[in-house]
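As the structure is a prediction and not an experimental result, all values here were calculated from the model. Residue numbers begin at 1 in each chain, while the letters A, B, ... track the order of the sequences.
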Amino acid sequence: MIEKNYQPADIESRMSVVWEDSLAFKAGRPDRRDAVPFTIVIPPPNVTGSLHMGHALNNTLQDILCRFERMRGRDVLWQPGTDHAGIATQMVVERQLMERQQPGRREMGREKFLERVWQWKAESGDTIINQLKRLGASCDWSRERFTMDEGLSKAVVKVFVELHRDGLIYKDKRLVNWDTKLLTAISDLEVQQTEVKGHLWYLRYPIEGKTFSPDDPASFIVVATTRPETMLGDTGVAVHPDDERYQKLVGKHIILPLVGRKVQIVADDYSDPEKGSGAVKVTPAHDFNDFEVGKRHGLRQISVLDKEGCLDLLDNEDYLRDLPEGAAQFAEEFHKVDRFAARKRIVERLEAFGFVERIEPHTHTVPHGDRSGTVIEPYLTDQWYVDAKTLAKPATAAVRSGETSFVPKNWEKTYFEWMENIQPWCISRQLWWGHQIPAWYGPDGKVFVAETEEEAVSHALGYYVEQEVITAEQGREMALDRNKREGFITRDEDVLDTWFSSALWPFSTLGWPDATPEVQRYYPTNVLVTGFDIIFFWVARMMMMGLHFMKEVPFSTIYIHALVRDEKGAKMSKSKGNVIDPLHLIDEYGADALRFTLAAMAAQGRDIKLATSRVEGYRNFATKLWNACRFAEMNHCAVPDGFEPAKAKQTLNRWIAHESAHTTREVTEAIEAYRFNDAAGAIYRFVWNVYCDWYVELAKPVLLGPDGPAKAETRAMVAWARDEILKLLHPFMPFITEELWEVTAKREELLALAQWPLKPSGPTPEQLAMLAAATGPTESLVSPMLVMPIFDHADFTDPKAEAEIGWVIDLITQIRSVRAEMNIAPATLTALVLVGASAETKERAPRWIDVIKRMARLSDISFGDRAPDGAVQLLVRGEVAALPLKGVIDVAAESARLDKEVAKADADIKRAESKLANEKFVANAAEEVVEEEREKREAALARKAKLLEALERLKQAS
RNA sequence: GGGCACGUAGCUCAGCGGGAGAGCACUACCUUGACAUGGUAGGGGUCACAGGUUCGAUCCCUGUCGUGCCCA
């Protein structure tokens with residue numbers, strides 16, 4: 001029994017339990033052992049996170065695909081899990097400690113702190129998972145993974161060790177993006193370039209051997225800079241080799257103001273003669289470009305900042321080397337001054353001595369940390385790098401060859417561009433929460449990379465014995481006794497970038513490096529569904545790692561979906577306060593309504609501007625479906641055993657089967673092509689505008705009439721079409737459809753596992769080829785007949801039924817329209833005369849009298865040779881239908897109405913004739929287009945003739 | 001500076017080489033036996049602008065203006 005009112009919350013909580021208890025989403029179900037697998041790995045949400053609109057969209061689309069393929073009989077694995085999210089999680093826990101006024105992480109120590117993070121993960125890691133369940137995500141929850149699980153950690157270590165062994169991971173001292181707040185290096189991708197209004201300072205650098213005077217341009221060279229405080233680390237001044245102004249100065253030196261360091265003037269292309277003064281200061285230790293210039297000219301690298309971004313001058317040997325007397329005093333004065341304070345004070349000092357020529361306002365881009373928001377400092381440190389350039393080559397080739405393709409295609413260009421200009425990937429982070437790097441250092445700093453400490457120790461001892469640093473005897477003792485080697489080798493403190501472990505996600509979650517059956521069966525995965533914002537962070541790196549370690553692409557299709565924005569198109573952000581919480585929408589309208597909205601708006605290549613009014617609209621859609629099912633129930637509609645819709649006798653029933661098959665095709669093909677909006681649109685129209693608006697209405701007289709074969713068949717068909725709807729709609733609205741499936745009939749299985757509306761009759765060769773291409777060669781072992789039944793649409797196609805119902809619909813619609821136009825009250829029933837009806841109409845009409853009377857509010861239907869006097873005359877599919885309304889209608893108004901119709905027909909005739917009169921059109925246009933024009937002209941001419949006759953009669957009568 | 005999108009009804013968006021569509025909003029009417037979270041009918045658009053290709057352009061090309069995003 002269907003409840004009177006649709007209450008999403010009740011249904012959703014109940015259905016979640018039903019699915020969970022029945023293990024409906026479990027991969028590798030025994031009954032699907034021979035089915036083709038379909039695999040999607042979830043983009044793992046941050047373990048600390050909570051569901052936002054992006055997740056809702058992302059997971060709705062994945063769920064549509066998974067439910068669709070599951071209903072098509074495939075063995076679906078939707079692999080769920082969460083990401084440890086290094087920096088983000090560490091920040092959350094640290095903030096929590098601060099708020100509770102508990103000891104900070106440094107006070108706690110690494111071990112205690114990590115315990116604390118694990119505790120936090122245990123407490124709150126389920127939040128996001130439960131929220132995904134509320135959305136209806138049909139993941140195999142029994143296989144949930146976490147990037148810091150034992151198994152996944154094992155994969156991480158193995159990958160690190162192997163890449164290191166192959167020279168694809170290495171340690172290097174170079175400039176990194178340093179976050180002075182989080183005190184860690186970050187990768188290029190975690191840096192956000194933001195436009196900032198700053199200044200350009202023009203500084204005078206005195207030329208060596210000349211007496212500096214601000215009034216004597218020959219005594220100095222002017223350099224322009226946006227970061228005057230870094231001048232303390234200057235080790236060069238660069239001018240363009242072709243810049244005539246400075247040619248004489250190349251090779252000479254300047255004396256760095258305030259510092260006194262002797263600095264060479266070099267010629268380098270990097271200096272742009274058009275910009276600033278044409279001369280630039282070179283600070284190799286604090287600027288990426290300067291680093292390169294410095295390398296080319298052998299300039300020293302002097303770091304003048306510490307990890308926190310304060311000047312670091314005292315005891316800084318690099319800084320103090322070769323400085324004149326008195327430099328120490330300056331160093332003492334500025335030591336540990338924050339970089340921004342230092343900027344101000346150094347400029348003041350320079351100004352005091354006449355070293356500042358001028359200051360211009362200047363807008364430029366400044367790097368900021370995406371997590372901390374602080375200004376990123378290029379900083380010279382030792383870090384671990386992945387040779388991304390080498391790994392990128394096969395990853396690029398795989399997309400070029402089409403082994404993996406992006407949907408929509410235009411993202412491939414973005415991917416190529418980045419891959420072709422890829423920089424070494426800095427993977428070490430000075431954090432605690434994450435995978436600790438499996439590298440150990442000997443007493444002389446030599447690195448030993450190994451999967452375990454024992455292995456590293458044995459390598460190290462072997463090495464140092466060989467180097468005669470220790471004796472063989474000492475080596476043996478140290479190997480046997482932990483205490484004896486205490487402090488001999490120490491592990492690298494750093495952890496890996498979070499994205500390092502997520503790069504392995506498509507195979508680490510399946511059990512790799514162990515040779516599990518899951519790796520065998522579910523890799524490579526079929527499709528990755530994600531947002532464009534992580535193409536570089538994640539997609540590209542999965543491609544690299546997947547190809548390197550598995551020798552196969554991790555997925556054959558990458559579906560890139562849009563960003564969800566607010567109604568006005570602004571990015572949702574907490575600071576803007578325009579965040580729409582998907583959970584609130586679920587509470588208010590139901591998960592099904594939210595899901596349907598997102599699917600309906602997920603047009604390829606376009607962002608989603610979400611308006612709650614849309615969600616409300618689709619909630620109404622769910623209600624509509626609910627009530628339609630109630631109607632079917634009230635009328636005792638059920639599908640009898642052995643019912644064959646193709647054998648239906650009633651025109652109306654044949655028609656709905658025809659329409660239903662058409663919709664099945666539309667929905668299926670749209671999902672296959674990732675056109676989620678088209679699929680949603682097709683099922684929406686079918687449910688509301690076909691099934692509810694017409695089929696149910698047209699069926700009412702039969703259902704309410706006397707029992708008999710027609711009524712029995714109609715009852716069966718109402719229920720059959722309802723079931724088709726429930727199936728087609730299930731991927732989009734799983735909760736309400738599963739509920740209605742359950743309550744409307746006794747079912748052998750869950751809707752989630754029911755057969756998608758397809759009639760098995762064998763795939764076409766074309767479809768077989770597509771299947772083989774999409775799923776890879778391994779599956780050719782499986783009978784395609786078994787796994788991919790293809791619907792033969794011809795079974796239900798019935799143009800005759802379509803024409804007949806089309807006529808009924810047209811007739812009713814036109815009568816309604818003219819009644820509204822004439823302001824005839826709904827309570828007033830009118831008669832209808834079918835004038836000069838054809839044999840076909842005479843044959844058809846009796847079948848529809850009840851329906852037409854009811855829906856068009858008629859008192860009576862009759863046939864006649866001519867329209868009664870003073871009747872409104874409608875032209876329905878070439879024949880006149882007259883409503884005798886003498887005395888009710890205004891003859892002048894009716895005549896005007898007909899004139900308007902004639903004018904329309906005239907316009908159509910004119911348009912068609914002008915085209916047909918154009919020789920070039922007839923010569924060049926496709927034959928069917930020309931033919932179509934001819935038909936249009938004929939139809940319009942016939943319509944006009946009938947309308948003129950109608951007008952004539954009207955005149956005669958009045 | 002380089003790249004990618006996008007400007008279609010009041011709003012949010014589909015569509016696309018052969019007569020402009022949806023949802024919401026709006027107007028009028030209707031509590032008809034599934035549904036007022038509903039029904040019926042209706043109003044509303046030089047498809048940003050200017051050129052070009054074509055028998056034919058909202059659609060393809062070029063440019064302009066405007067908006068957004070990514071990369072330097």
**Prompt:** Are side-chain heavy atoms of A/M543 and A/T404 found at a separation under 4.5 Å?
**Reply:** yes
Tightest non-hydrogen contact, residues A/W626 and A/N5, listed as NE1-C, 3.5 Å
When A/F732, A/Y618, A/F621 are each screened for side chain to side chain contact (heavy atoms under 4.5 Å, CB included) with A/T597, the one that passes is A/Y618
Between CH2 of A/W411 and P of B/C69 the distance, given in whole Å, is 13 Å
The nucleotide from B/C70, B/C4, B/C30 with an atom nearest the side chain of A/P826 is B/C30
Smallest heavy-atom separation, A/A622 atom then A/I736 atom, equals O-CD1, 3.4 Å
When rounded to whole Å, the CZ to C1' distance for the pair A/R911 and B/G56 reads 13 Å
Just to confirm, is there a sub-4.0 Å distance from OP1 or OP2 of B/G19 to any side-chain nitrogen or oxygen of A/K936?
yes
When A/D899, A/D908, A/D906 are each screened for salt bridge (Lys or Arg N to Asp or Glu O under 4.0 Å) with A/K944, the one that passes is A/D906
C1' atom, B/C71 versus B/A57: distance in rounded Å? 34 Å
Each nucleotide of nucleotides 33-40 of chain B classed B (base within 4.0 Å of a protein heavy atom), S (only sugar-phosphate) or -, in 5' to 3' order, makes BBB-BSSS
Sticking with atom C1', work out how far B/G10 lies from B/G44, rounded to a whole angstrom. 9 Å
Quiz prompt | Residues A/D268 and A/H240: side-chain donor-acceptor under 3.5 angstrom | solution = no
Is the closest side-chain donor-acceptor distance between A/N177 and A/S187 under 3.5 Å?
no
The answer to which of A/D678 and A/K904 contacts RNA chain B further toward the 5' end, by nearest nucleotide, is A/D678
Next on the checklist: What contact category does A/A926 fall into here, base, sugar-phosphate, or nothing, at under 4.0 angstrom with non-hydrogen atoms?
Outcome noted: base
Separation of B/A5 atom P from A/I535 atom CD1, nearest Å, is 13 Å
Exercise. Take atom NZ in A/K700; do more than 12 heavy atoms of anything else shown fall under 6.0 Å from it?
Worked result: yes
Closest to the 5' end of RNA chain B, once A/R857 and A/N924 are matched to their nearest nucleotides, is A/R857
* Using atom C1' of each nucleotide, how far apart are B/U12 and B/C26 to the nearest Å? -> 16 Å
So, with a heavy-atom separation below 4.0 Å from RNA chain B, the residues of residues 914-922 of chain A are A/K915, A/N918, A/K920, A/F921
Scanning both residues in full, the closest heavy-atom pair of A/M733 with A/F596 reads CE-CB, 3.6 Å
Among B/C4, B/U12, B/C71, the one nearest any side-chain atom of A/F536 is B/C71
Whole-angstrom distance between B/U53 and B/A41, as gauged at atom P: 46 Å
Residues A/E12 and A/A591: closest non-hydrogen pair is OE2-N, 2.7 Å
Check: Salt-bridged, A/E913 to A/K910, with N to O below 4.0 Å?
Finding: no
Nearest heavy-atom contact between A/Y415 and A/A395 is OH-O, 2.7 Å
task: Could you work out the separation of B/G45 and B/A20 based on their P atoms and round it to a whole Å?
output: 14 Å
Whole-Å P distance, B/C13 and B/C69 | 14 Å
| query | Base, sugar-phosphate alone, or nothing: which one does A/D908 contact when heavy atoms must sit under 4.0 Å apart? | reply | base
_Please tell me whether A/Y684 and A/W688 form a close aromatic pair, meaning their ring centres lie under 6.0 Å apart._
yes
Whole-Å distance, A/F288 CZ to B/C71 P, equals 15 Å
| When the P atoms of B/C70 and B/U8 are considered, how many whole Å apart are they? | 22 Å
Base-pair string, RNA chain B, Watson-Crick plus G-U, cut-off 3.5 Å on both distances, | for inter-strand, is (((((((..((((....[..)))).(((((.......))))).....(((((..]....)))))))))))).
query: Can you tell me how far C1' in B/G17 sits from the matching atom in B/G56, rounded to whole Å?
result: 8 Å
